[in-house]
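Report on the structure given below.
The structure displayed is predicted, hence computed values, not measured ones. In what follows, every chain begins at residue 1, and chains take the letters A, B, ... in the order their sequences are listed.
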Amino acid sequence: MANSKYAKLIATATTVLCILLGVMFIVCCVHLYFTGGAQPYSRERVGDYLIILAVPSFLTLALVVIGIVFNVVNGKSDVEPTARTSSELLESFTKKFDPKDFPEEIKAKSDMERDKRQVYSWLAFDISFLLFLLAVLYFDFFTSFSIDNLNGDVVRALMGILPLAILAVAVHIPKAYLIEKSCQRELEILKNSIKENGAPRVNKTEDSKNGVDYALIGRYLIVGAAVALVILGIFNGGMGDVLDKAVKICTECIGLG
Amino acid sequence: MKNVILKIKNWWAAHAPTKRRLIQLYSALLFNSYLKGYITGDIFKGMSKNLCTPGLNCYSCPGAVTSCPLGALQNSFSSSGKTAPYYMLGIIMLYGIIFGRWICGWLCPFGLIQDLLHKIKTPKLKKSRFTRVLSFFKYVLLVLFVVVLPLIYMLHDFPLPAFCKYICPAGTIGGAIGLLINPGNEGMFGMLGPLFTWKFALAVSFVVGMIFVYRLFCRFICPLGALYGFFNKFSLFGITLDKSKCISCGKCISVCEMDIHHVGDHECISCGKCVGVCPTKAISYKGSKIILPDSEIESAKTEEEKAAVEVKREKRVKLASRITALVLSAVLLFSLVYLNFFYDDGTNIDPDQGVGDTDEDSGDTEDDNSIPTGSKIGNKCPSYDLELVNGSGTVNIKEFRGKIVIINFWGVWCGPCKQELPDFDDVANEYDGEVVVLTIHTVTNKASAPEYIQTHFPSSKMLFAYDVPLTSEKDMYFHLLGGKSAYPRTLVLDEKGVIQAIFDGKATHSQLIDSIEAIRSESADTQ
């Protein structure tokens with residue numbers, strides 16, 4: 001009991017310090033940049049800020065080590081498994097009991113829930129597709145790319161496209177929620193039916209398909225294509241280009257700019 | 001005492017590194033075995049950089065001995081106008097079909113960093129519907145930053161590895177920090193600006209996030225994982241499910257910390273956590289048929305025969321593991337010893353010693369000749385005959401005594417170099433007759449230089465020359481003037497050929513003007 005209290009205390013303190021340290025690093029970096037003038041980052045200025053960050057850094061490191069040692073001494077804590085979602089439960093349930101084998105009334109309700117889920121999926125897909133089209137339109141009509149103002153052009157383009165892209169992904173969150181609820185309802189209907197009417201016949205397990213063969217053929221095809229591309233790439237100078245780039249420091253790639 | 005020993009034994013039994021952890025550590029060390037790079041403050045330039053690390057490992061990291069597949073892919077797209085990106089597409093496909101996302105779980109150095117950060121004892125964000133949906137965001141980043149943006153700028157003949165430049169934290173952490181901590185790279189601090197501020201803030205956010213979210217980068221950001229995920233179902237390595245044994249208990253999905261829908265799908269990194277929890281042993285690693293063919297397994301009918309087959313299989317697995325471990329250890333040892341103690345990167349030039357003429361006939365005074373030749377500010381810049389790009393002869397900075405000289409090292413393959421050239425052109429025009437701007441193109445891609453210059457600077461007052469190997473291809477005039485591996489680099493010389501300013505990275509118009517005016521005012525004061 002006392003151990004778990006200490007463990008929680010260490011975990012909380014580590015959490016707070018890690019977040020605080022991260023924020024401090026970011027704030028210091030931004031402050032350095034905005035107060036530095038023409039050359040914001042010099043070794044001396046960076047050194048001054050690192051001195052400020054030294055104490056919280058060491059504190060955080062010490063707490064991390066204490067946390068690890070504490071956990072070591074008091075036994076390994078396993079990661080708690082996450083609860084199964086309703087859709088996973090429904091999937092494994094329907095592997096045993098086919099909804100088609102239930103009474104007509106139950107089958108109709110089950111079909112209705114399945115239709116609802118399809119509607120949610122298609123709606124989400126349509127909205128995503130619409131947003132994707134909007135992104136393409138924005139890209140075509142409202143963006144321009146030049147070398148003179150490279151970063152500005154890229155940022156401006158992303159400011160329009162990224163929110164649309166994020167929305168296109170995010171629209172699947174309510175879809176997932178609605179599908180989850182629908183699966184919950186269908187599962188309840190089927191389980192209640194079993195309680196009242198007894199279990200229908202159990203499904204036979206599926207015979208293994210010839211998918212293994214397709215996978216093997218696909219694998220051979222892809223390997224062949226990949227090897228051919230690599231050989232082509234060696235002869236057309238692609239490999240040499242990789243080496244040429246890799247032996248020079250890509251300053252902008254590592255943020256030196 | 002006995003209790004202490006027992007506790008230590010129990011602790012070791014519970015915490016001994018797993019095979020997966022050992023393989024992760026091994027691959028991180030193997031792909032970054034050029035430890036000397038951290039001491040010299042420069043990157044590895046050997047031929048092994050023709051090959052790509054399977055996982056994310058920035059090639060601008062001082063220790064990296066291979067290329068990053070993601071960076072190389074973006075660069076291939078950037079130069080796809082001239083060279084079709086067959087090589088990188090083939091490499092990605094080959095890695096994908098052989099390993100799939102097994103790379104993410106077992107070979108990727110950045111994955112190891114995330115696993116270790118996640119061990120810090122804090123509350124953790126569990127996977128949910130939200131994280132499952134968010135896992136598709138990496139496909140958006142793949143399309144936008146890895147494919148679309150590099151291809152768009154390819155049309156402008158401008159290389160833009162957009163993911164590396166704007167997002168990738170591996171480059172910031174491994175490359176930038178790795179280079180900046182070296183005392184010899186003080187000049188690089190001058191390169192830091194808004195991009196570094198953005199990338200550093202992003203990298204710190206990722207690092208903090210990785211502590212609370214399992215494999216934050218792999219799940220939501222990494223385009224390489226997104227690419228490999230397409231091949232996961234067909235890959236040779238990975239996790240497979242025997243559907244005939246599966247009872248759909250769902251324990252595999254519950255215990256998995258990635259956002260899988262089922263075992264072995266595009267999110268599965270084959271970490272193997274599910275293998276241990278499956279009650280019917282329906283989950284296994286692919287490739288087991290390599291150890292024992294189907295015919296031998298199927299021929300076992302009785303329980304005794306099955307047990308014998310199992311024992312045989314285990315023996316073969318042990319033997320194969322031992323041989324593999326021996327071979328791989330030898331490879332790592334060889335790599336570490338050879339690269340750090342015997343490898344000669346071909347650079348023999350000491351910039352402070354200087355090679356080249358001694359200005360005997362330059363007409364300098366005795367006082368001027370007392371200034372040491374070198375590559376630092378205050379040194380006299382060594383001179384060398386350089387071939388002009390237009391083929392009209394050679395040029396030597398000695399010819400420009402009495403004028404301010406700006407020497408700029410650049411390359412057509414280098415985006416920032418191309419961005420700053422117009423500023424140099426403006427300076428050459430503004431100070432015509434007083435300032436000479438000499439741009440020196442690298443040996444790399446030099447065949448493309450004349451066309452680029454003709455297209456963009458047809459009547460420029462700048463002089464365009466090629467860099468020249470002094471003792472070898474790795475000892476160029478660029479290295480003699482103190483350059484390591486970072487382009488562009490600019491030196492500003494006064495009328496006597498003494499270096500007055502050095503710019504590592506892009507030099508802005510105002511920086512050039514300030515340097516010129518400083519030299520002019522000093523000359524005026526002296527007179």
Task: Polar side chain donor-acceptor pair, T444(B) to D244(A), under 3.5 angstrom - done: no

Task: Heavy atoms of other groups near F132(A) CZ, more than 12 under 6.0 Å - done: no

Task: Within 6.0 Å of CZ in F93(A), more than 12 heavy atoms from elsewhere - done: yes

Task: Contact class of Q511(B) relative to chain A, heavy atoms under 4.5 angstrom - done: side chain

- [ ] Kindly check if the number of other-residue, nucleotide or ligand heavy atoms within 6.0 Å of OH (Y41(A)) is above 12?
- [x] yes

TODO: Name the option with the most non-hydrogen atom pairs under 4.5 Å to chain B; the candidates are V30(A), L89(A), L158(A).
DONE: L158(A)

Task: Region of P85(B) in contact with chain A, defined by heavy-atom distances below 4.5 Å - done: neither

Task: Region of T251(A) that comes under 4.5 Å of a non-hydrogen atom in chain B - done: side chain

- [ ] Drop me the distance from R129(B)'s CZ to S87(A)'s OG, to the nearest 0.5 angstrom.
- [x] 8.5 Å

Open item on the list: Please tell me whether Y166(B) and N151(A) have a donor and an acceptor in their side chains that are separated by less than 3.5 angstrom.
Closed with: yes

Task: Student check: side-chain heavy atoms of V227(A) and L94(B) closer than 4.5 Å - done: yes

Open item on the list: Using only atom types and a distance under 3.5 Å, with no angle test, would you say the side chain of K245(A) pairs donor to acceptor with the backbone of W413(B)?
Closed with: yes

Open item on the list: I need the residue from T12(A), I19(A), I10(A) with the largest number of non-hydrogen atom pairs under 4.5 Å to chain B.
Closed with: I19(A)

Task: Contact leader toward chain A among A72(B), S128(B), P123(B), where contacts are heavy-atom pairs under 4.5 Å - done: P123(B)

Open item on the list: Which atoms of F139(A) are under 4.5 Å from chain B, going by heavy atoms: the side chain, the backbone, both sets, or neither?
Closed with: side chain

TODO: Name the option with the most non-hydrogen atom pairs under 4.5 Å to chain A; the candidates are Y153(B), F158(B), Y214(B), W198(B).
DONE: Y153(B)

Open item on the list: I'd like to know whether NE2 of H31(A) has more than 12 heavy-atom contacts from other residues, nucleotides or ligands below 6.0 angstrom.
Closed with: no

- [ ] Apply the test side-chain contact (heavy atoms from CB on, under 4.5 Å) to residues E252(A) and Q419(B): give CA-CA distance (whole Å), side-chain angles for both, the deciding distance (0.1 Å), then the verdict.
- [x] CA-CA 12 Å; E252(A) 295 213 320; Q419(B) 267 188 304; 4.1 Å; yes

TODO: Give, as side chain, backbone, both or neither, the part of L150(A) having an atom under 4.5 angstrom from any heavy atom of chain B.
DONE: both

Task: L229(A) vs Y87(B) side-chain heavy atoms within contact, under 4.5 Å - done: no

Open item on the list: Quick one, T172(B) and I254(A) - any side-chain contact, counting heavy atoms below 4.5 Å?
Closed with: no

Open item on the list: Heavy-atom cut-off 4.5 Å, strictly under: side chain, backbone, both or neither for E88(A) against chain B?
Closed with: side chain

TODO: Can you tell which part of D242(B) gets under 4.5 Å to a heavy atom of chain A, answering side chain, backbone, both or neither?
DONE: neither

Task: Residue among K418(B), M47(B), K49(B) with most heavy-atom pairs under 4.5 Å to chain A - done: K49(B)

Task: Contact class of Y95(B) relative to chain A, heavy atoms under 4.5 angstrom - done: neither

Task: Residue pair N50(B) / V242(A), side-chain heavy-atom distance below 4.5 Å - done: no

Task: V46(A) versus chain B, the contacting section by heavy-atom distance below 4.5 Å - done: side chain

Task: Best-contacting candidate, V204(B), T197(B), V208(B), against chain A by heavy atom pairs under 4.5 angstrom - done: T197(B)

Open item on the list: Which atoms of Y139(B) are under 4.5 Å from chain A, going by heavy atoms: the side chain, the backbone, both sets, or neither?
Closed with: neither

TODO: Please check if the side chain of K121(B) supplies one atom and the backbone of G67(A) the other of a donor-acceptor pair under 3.5 Å.
DONE: no

- [ ] Verify, without hydrogens or angle tests, whether N236(A) (side chain) and A84(B) (backbone) share a donor-acceptor contact under 3.5 angstrom.
- [x] yes

Task: Heavy-atom contact with chain A under 4.5 Å, split by part of L51(B) - done: neither

Open item on the list: For the CG atom of D241(A) and the OG1 atom of T83(B), what is their distance to the nearest 0.5 Å?
Closed with: 4.5 Å

Task: Audit row: V140(B), I161(A), side-chain contact (heavy atoms from CB on, under 4.5 Å) steps and yes/no - done: CA-CA 10 Å; V140(B) 172; I161(A) 293 169; over 6 Å; no

- [ ] Can you measure from OG (S60(B)) to NZ (K248(A)) and round to the nearest 0.5 angstrom?
- [x] 11.5 Å

Open item on the list: Classify the ring geometry of F200(B) against F25(A): parallel below 30°, tilted from 30° to 60°, perpendicular beyond 60°.
Closed with: tilted

Open item on the list: Is I211(B) close to chain A through its backbone or its side chain, or both, or neither, when contacts mean heavy atoms under 4.5 Å?
Closed with: side chain

TODO: Could you check if a side-chain atom of Y177(A) sits within less than 4.5 angstrom of a side-chain atom of V133(B), using non-hydrogen atoms only?
DONE: no

- [ ] Give, as side chain, backbone, both or neither, the part of C249(B) having an atom under 4.5 angstrom from any heavy atom of chain A.
- [x] backbone

Task: Which of L21(A), L232(A), V155(A), V65(A) touches chain B most, by non-hydrogen pairs under 4.5 Å - done: L232(A)

TODO: Counting only heavy atoms closer than 4.5 Å, note whether L63(A) contacts chain B via side chain, backbone, both or neither.
DONE: neither

TODO: May I ask you to check whether over 12 heavy atoms, not counting those of K233(B), lie within 6.0 Å of atom NZ?
DONE: no

Open item on the list: Within the structure provided, determine whether H172(A) and R132(B) are in side-chain contact (heavy-atom separation under 4.5 Å).
Closed with: no

TODO: May I ask you to test the L162(A)-L144(B) pair for a side-chain heavy-atom distance under 4.5 Å?
DONE: yes

Open item on the list: Contact between K165(B) and V154(A) at the side-chain level, heavy atoms closer than 4.5 Å - yes or no?
Closed with: no

